[in-house]
Peer 1: 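Let me give you the structure first, and then I'll get to my questions.
Computation of the quantities below employed the complete heavy-atom set of this structure, encompassing side-chain atoms and omitting hydrogens, waters and symmetry-equivalent molecules.
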Amino acid sequence: MDILSDILHVAGLRRRLLDLHALTPEAALRFPCERSFGLHAVTRGRAFVHAPNLDEPLELQAGDLVLMARGCVHLLSLDREPPARSTTVPIARFVGGGLADGAQDLAPASDPAAPTQVISAAYQLWHAPLHPFLRSLPPWFVVRGHSLPQLSAVPLTLGLLDRELGDQALGASSATHGLLDALFAFALREIAARENPGAPGWQQAIADRPIRQVLTLMHGNLGHGWTLDELGRQVGLSRSALAERFRSAMGDTPLNHLRTLRMQKAMQLLAETRQTLEQVAQAVGYQDAFGFSKVFKRTTGQSPRQFREQDAADRQTPYRFQEA
């Protein structure tokens, strides 16, 4: 099982291509992304990101990408000091499925005089609390193209993006969406790979084969009545050895982490299906709806019924992405 893909699926990931921007000196672009992760990739030129939670602007060169993991309103401009005027990226572009109309008029990839170009996307994970892996991501994370081998995933994908967006060949919109998803996954990989060595976290957990197996078992069958003894037997560890090794790798106990995964899955089922409370409870490993409801409210601050009603109301807000 691909654990990261499962985390994103259960978290209800929704993606939107925002736009391909040919930046100009006259105005900054304003992104109202309070409830989203943001991704900006510079395909040509240089750009600056300005945000309230940044001590100084982030400078991005061609080949760089930045992932924003704490949704906030931020600006994109050509200058370290943003111009007084800014243009808000229309909400319609958040919910549209294809490239913005202006993308057809941009300079082709072979034009050396092309202006600074940035492609942006939003990745929305609406429900809280987030999975521990997503919650642990830094507010801003920059992948510098010059620091990576030329044939590694990020430079190759950005090169393909630049070509697709410049040439606008058949199927360019579908290819662009797929390439952006790949960039998002590569950015998450880079974050995990650069975790503080020795500190509890996903990179350490995935590198420890028995702990990775335990995580795979949990993700693969949340409805099973897992016990510490059974998980230990499955991976060849005693109950105490598993508990100690899991805490060292993840900074949490196995059963507490399992409870977190179950509540994540429960939020997905309550939001995306019409299953009864009893069905949801059984799907995430609880024998009865009463016990499940107590844990769910303690985790989310809402009863399952309140959560489902709030989710239905949220779907009417303009910022909520409705389709993957």
Peer 1: Ignoring hydrogens and angles, state whether a donor on the side chain of Asp2 or Ser5 is under 3.5 Å from an acceptor on the partner side chain.
Peer 2: yes
Peer 1: Taking only residues two or more places apart in sequence or in another chain, which ones pass side-chain contact (heavy atoms from CB on, under 4.5 Å) with Pro25?
Peer 2: Leu78
Peer 1: Please enumerate all residues that pass side-chain hydrogen bond (donor to acceptor under 3.5 Å, both in side chains) together with Ser303, with sequence neighbours excluded.
Peer 2: Gln306
Peer 1: Can you list everything that forms a ring-ring contact (aromatic ring centres under 6.0 Å, His included) with His219? Sequence neighbours excluded, please.
Peer 2: none
Peer 1: Applying side-chain hydrogen bond (donor to acceptor under 3.5 Å, both in side chains), which residue pairs with at least one partner in residues 283-300 are found, sequence neighbours left out?
Peer 2: none
Peer 1: Name all residues meeting the ring-ring contact (aromatic ring centres under 6.0 Å, His included) criterion together with Phe184; count only those two or more places apart in sequence or in a different chain, and write none if there are none.
Peer 2: Tyr123
Peer 1: Compute whether any side-chain donor of one residue and acceptor of the other, for His146 and Asp64, lie under 3.5 angstrom apart.
Peer 2: no
Peer 1: Taking ring-ring contact (aromatic ring centres under 6.0 Å, His included) as the definition, give me every residue that meets it alongside Phe186, ordered by chain and number, with sequence neighbours left out.
Peer 2: none
Peer 1: Which residue pairs pass the side-chain hydrogen bond (donor to acceptor under 3.5 Å, both in side chains) test with at least one member in residues 72-84, sequence neighbours excluded?
Peer 2: His40-His74, His50-Ser77, Glu59-Arg80
Peer 1: Under the ring-ring contact (aromatic ring centres under 6.0 Å, His included) test, which residues partner His9, sequence neighbours left out?
Peer 2: none
Peer 1: Is Trp126 isolated, or which residues cluster with it under the ILVMFWY side-chain rule of less than 4.5 Å, directly or via members?
Peer 2: none
Peer 1: For Asp208, check side-chain contact (heavy atoms from CB on, under 4.5 Å) against everything at least two apart and list the hits.
Peer 2: Pro210, Ile211, Arg245
Peer 1: Taking only residues two or more places apart in sequence or in another chain, which ones pass side-chain contact (heavy atoms from CB on, under 4.5 Å) with Ser136?
Peer 2: none
Peer 1: Name all residues meeting the salt bridge (Lys or Arg N to Asp or Glu O under 4.0 Å) criterion together with Arg135; count only those two or more places apart in sequence or in a different chain, and write none if there are none.
Peer 2: none
